[in-house]
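Just so it is clear, the structure is predicted and the values come from calculations on it, not from any experiment. Naming: A, B, ... by sequence-line order, numbering from 1 per chain.
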Amino acid sequence: MSRQIKSIRGMHDILPEQTGAWQWFEAQVRETLSSYGYQEIRMPIVEQTDLFARSIGEVTDIVEKEMYTFEDRNGDSLTLRPEGTAGCVRAGVENGLLHNQQQRLWYAGPMFRHERPQKGRYRQFHQIGVEAFGMEGPDIDAELILLTARLWRRLGLRNVRLEINTLGSSEARAAYREHLVDYFKAHAEVLDDDARQRLETNPLRILDSKNPQMRAMIQEAPSLLDHLDASSREHFEQLQCLLRAADVPFTINPRLVRGLDYYCRTVFEWITDALGAQGTVCAGGRYDGLVEQLGGRHTPAAGFAMGIERLLSLLEADGGLPMAPSPHVYLMLAGEGTGSAGVELSEQLRDQFPGLRLQMNCGGGGFKAQMRRADRSGAQLALILGETELAEGRVTVKPLREGQTEQHTVTQEALAHHLAQALDLATAETRPTEND
RNA sequence: GUGGCCGUAGCUCAGAUGGUAGAGUCCCGGAUUGUGAUUCCGGUUGUCGCGGGUUCGAGCCCCGUCGGCCACCCCA
């Protein structure tokens, strides 16, 4: 064995023992979103670098130092998407989905950021993004939040709390930003290196500093709430009413500032304390200016993204994750001629019961070994097809789990009844056609 | 990008002060020539992350590097 090739740092395989939980999770999300009328959209994983630079913001950490950017063979600068909103807006504009229309969209898939990996933070990670276009009132903000709250309930997720804030209109936010920069510059002697840096990049972030030396100065800083425009203020108040009416508890965190430039007005985060430093499990907000900024006509919009790895590890910490389903039956083959007879029987049973999970022994092995495989497979029943059974046209059904009846040998015709009864299987499977 | 801890069998881990690698589990076979998870017996599994240095001798000490974890930063 020469030098082992290993996966790229921060990019991990999702193994069979975990994929059951992923599929279950994704199914809950899909059904919840569908119940609110959201439709899936699938975008490419690679986009022109410019798309992200123009939407996320030139001076954000993501664009400055975290993107996987490379040159295509024809010299174009391409980037592995670090988030989904920009691509979703691009796709919507490009395909005319946003032209004077309302759209409720969602997508799922990998995102890429070149950061130092740690728990809950990976270089390839997976998000589910939800975006709503063409609705400017707080009702859609509330819908997005209620949708997530419902999803948490459905997942059995505890341990998350909601924080909301408003950034005001883009104009109000820009004006406030100037105020703030002026204020900080007047207190430059108190600023630490980090803050000096952020003065240029994201001054609002300074408000969130953990440095105790700066606490007093920050307390005295002008507040965003005092610089809100009237309509943003009202928007925010209505959102709070809607959340209260729906019984979704929240706290207002005036220092909650999302890192991406395109946010305005409503921002929110679902946070947990159970995951260490990576406590944000779902976050989003309104981005009324982005569509226009990317070449569409002015379209109000709001959305959020949730991190699948973080949510799954939170669920795991809070009671465990579901596993992939085991086979219903394991078919053992013992003796001359049972190989081909077994294939025939398996296929016939799968025809009869489309939902049946039947694992047939392959690769030989002694009786004992097959018995052990049947047990390890997690199957409820072992079907034994040996020479004696074959000669009589019968099959032995051996229950493998506690609380089941004795084993017995039945004719192959009677087998279907036994399986249907023991496993509660449906015999028909319909293909969804109409709205059913 | 910065700092701290850690890398030994597929997995979980043991290997005082340097003396040429071990357990459990898993897998395979047998005890029980057609009855699993228990028991007993036997067997396979390693460039001790990688590269260099010190030493008669390095899993152990030193340097570098890669990777993991944790925190900072940032974010999902």
**Request:** For the pair A:Tyr176 and A:His227, name the ring-plane relationship: parallel under 30°, tilted 30 to 60°, perpendicular over 60°.
**Result:**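 The arrangement is tilted - the two ring planes meet at 30° to 60°.
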Quick one: [X] [atom1] to [N] [atom2], roughly how many Å, whole number?
{"X": "A:Asp13", "N": "B:rG68", "atom1": "CG", "atom2": "P", "answer": "12 Å"}
{"X": "A:Leu204", "N": "B:rC73", "atom1": "CG", "atom2": "P", "answer": "17 Å"}
{"X": "A:Glu66", "N": "B:rC75", "atom1": "CD", "atom2": "C1'", "answer": "7 Å"}
{"X": "A:Ile271", "N": "B:rC75", "atom1": "CD1", "atom2": "P", "answer": "13 Å"}
{"X": "A:Glu309", "N": "B:rC69", "atom1": "CD", "atom2": "P", "answer": "12 Å"}
{"X": "A:Glu17", "N": "B:rC26", "atom1": "CD", "atom2": "P", "answer": "16 Å"}
{"X": "A:Leu275", "N": "B:rA71", "atom1": "CG", "atom2": "P", "answer": "10 Å"}
{"X": "A:Glu83", "N": "B:rA76", "atom1": "CD", "atom2": "P", "answer": "8 Å"}

**Message:** Can you tell me how far apart CD (A:Glu344) and CG (A:Leu385) are? Round to the nearest 0.5 Å.
**Reply:**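 So the CD of A:Glu344 and the CG of A:Leu385 are separated by 10.0 Å.
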**Message:** Within the 3.5 Å criterion, strictly below it, is a donor on A:Arg394 or A:Thr411 matched to an acceptor on the partner's side chain?
**Reply:**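 Checked: A:Arg394/A:Thr411 side chains show no N/O donor-acceptor pair below 3.5 Å.
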**Prompt:** With distance as the sole criterion, is a donor-acceptor pair present between the side chains of A:Glu71 and A:Ser77 under 3.5 Å?
**Reply:**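 Their side chains do not contain a donor-acceptor pair, so the 3.5 Å distance test is not met.
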**Prompt:** If we only count heavy atoms from C-beta on, is the A:Ile206 to A:Met214 side-chain gap below 4.5 Å?
**Reply:**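 Of all side-chain heavy-atom pairs linking A:Met214 with A:Ile206, at least one is under 4.5 Å.
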**Asked** How does protein contact run along nucleotides 32-39 of chain B, one letter per nucleotide 5' to 3', with B for base contact, S for sugar-phosphate only, - for none, heavy atoms under 4.0 Å?
**Response** --BBBS--
**Asked** Taking protein heavy atoms under 4.0 Å as touching, what does nucleotides 1-12 of chain B look like 5' to 3' if B marks base contact, S marks sugar-phosphate-only contact and - marks none?
**Response** BBB---------
Looking at every strand, decide which applies to [X] at a 4.0 Å heavy-atom threshold: base, sugar-phosphate, or nothing.
{"X": "A:Ala369", "answer": "sugar-phosphate"}
{"X": "A:Phe304", "answer": "nothing"}
{"X": "A:Gly10", "answer": "sugar-phosphate"}

**Asked** Of A:Ala283 and A:Lys119, whose closest RNA chain B nucleotide lies nearer the 5' terminus?
**Response**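 Of the two residues, A:Lys119 wins.
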**Prompt:** If you find the nucleotide of RNA chain B closest to A:Gly276 and the one closest to A:Met11, which residue's nucleotide is nearer the 5' end?
**Reply:**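 The residue whose closest nucleotide sits nearer the 5' end is A:Met11.
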Between [M] and [N], how far apart are the [atom1] atoms? Round to whole Å, please.
{"N": "B:rC26", "M": "B:rG43", "atom1": "C1'", "value": "14 Å"}
{"N": "B:rG34", "M": "B:rG7", "atom1": "P", "value": "46 Å"}
{"N": "B:rG10", "M": "B:rU44", "atom1": "C1'", "value": "13 Å"}
{"N": "B:rU38", "M": "B:rC6", "atom1": "C1'", "value": "37 Å"}
{"N": "B:rA16", "M": "B:rC62", "atom1": "P", "value": "15 Å"}
{"N": "B:rA37", "M": "B:rG30", "atom1": "P", "value": "13 Å"}
{"N": "B:rA14", "M": "B:rG29", "atom1": "C1'", "value": "28 Å"}
{"N": "B:rG24", "M": "B:rG64", "atom1": "P", "value": "39 Å"}

**Message:** Within 90° of 0 counts as syn, otherwise anti: where does B:rA23 fall?
**Reply:**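 B:rA23: anti.
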List the atom pairs, donor and acceptor, that lie under 3.5 Å between side-chain atoms in residues 326-336 of chain A and the rest of the protein, sequence neighbours left out.
unit_1, atom_1, unit_2, atom_2, d
A:His328, ND1, A:Arg357, N, 2.9
A:His328, NE2, A:Arg357, NH2, 3.4
A:Tyr330, OH, A:Asn361, OD1, 2.7

**Prompt:** At under 4.0 Å, does any side-chain N or O of A:Arg310 touch on OP1 or OP2 of B:rC75?
**Reply:**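 Result: no.
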**Item:** With A:Glu115 via side chain to side chain donor-acceptor pair (under 3.5 Å) - residues at least two apart
**Value:**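 Checked A:Glu115 against side chain to side chain donor-acceptor pair (under 3.5 Å); zero matches.
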**Request:** Please name all residues satisfying ring pair (Phe, Tyr, Trp, His ring centres under 6.0 Å) with A:Trp152, sequence neighbours left out, ordered by chain then number.
**Result:**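 Partners of A:Trp152 under the ring pair (Phe, Tyr, Trp, His ring centres under 6.0 Å) test: A:Trp270.
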**Item:** Donor-acceptor pair, side chain of A:Arg113 and main chain of A:Pro82, under 3.5 angstrom
**Value:**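 Flag set: sc A:Arg113 to bb A:Pro82 pair under 3.5 Å.
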**Request:** Give a yes or no on whether the backbone of A:Ile271 and the side-chain of A:Thr280 come within a donor-acceptor separation of less than 3.5 Å.
**Result:**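 Pair absent, no side-chain N/O of A:Thr280 close to backbone of A:Ile271.
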**Prompt:** Does atom CD of A:Gln48 have more than 12 heavy-atom neighbours, drawn from other residues, nucleotides or ligands, at distances under 6.0 Å?
**Reply:**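 12 or below, so no.
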**Prompt:** Under 6.0 Å from the CZ atom of A:Arg255, do we count more than 12 heavy atoms belonging to anything else shown?
**Reply:**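 At most 12 heavy atoms, drawn from other residues, nucleotides or ligands, come within 6.0 Å of this atom.
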**Asked** Of the nucleotides B:rC73, B:rC70, B:rG68, which one has an atom closest to the side chain of A:Gln278?
**Response**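 Shortest atom-to-atom distance from the side chain points to B:rC73.
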**Request:** Return the minimal non-hydrogen interatomic distance between A:Arg123 and A:Arg9, and the atom names on each side.
**Result:**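 Shortest heavy-atom contact: CD-O, 3.3 Å.
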**Item:** Paired and unpaired positions of RNA chain B as dot-bracket, Watson-Crick or G-U wobble under 3.5 Å, | denoting a partner strand
**Value:** (((((((..((((.....[..)))).(((((.......))))).....(((((..]....))))))))))))....
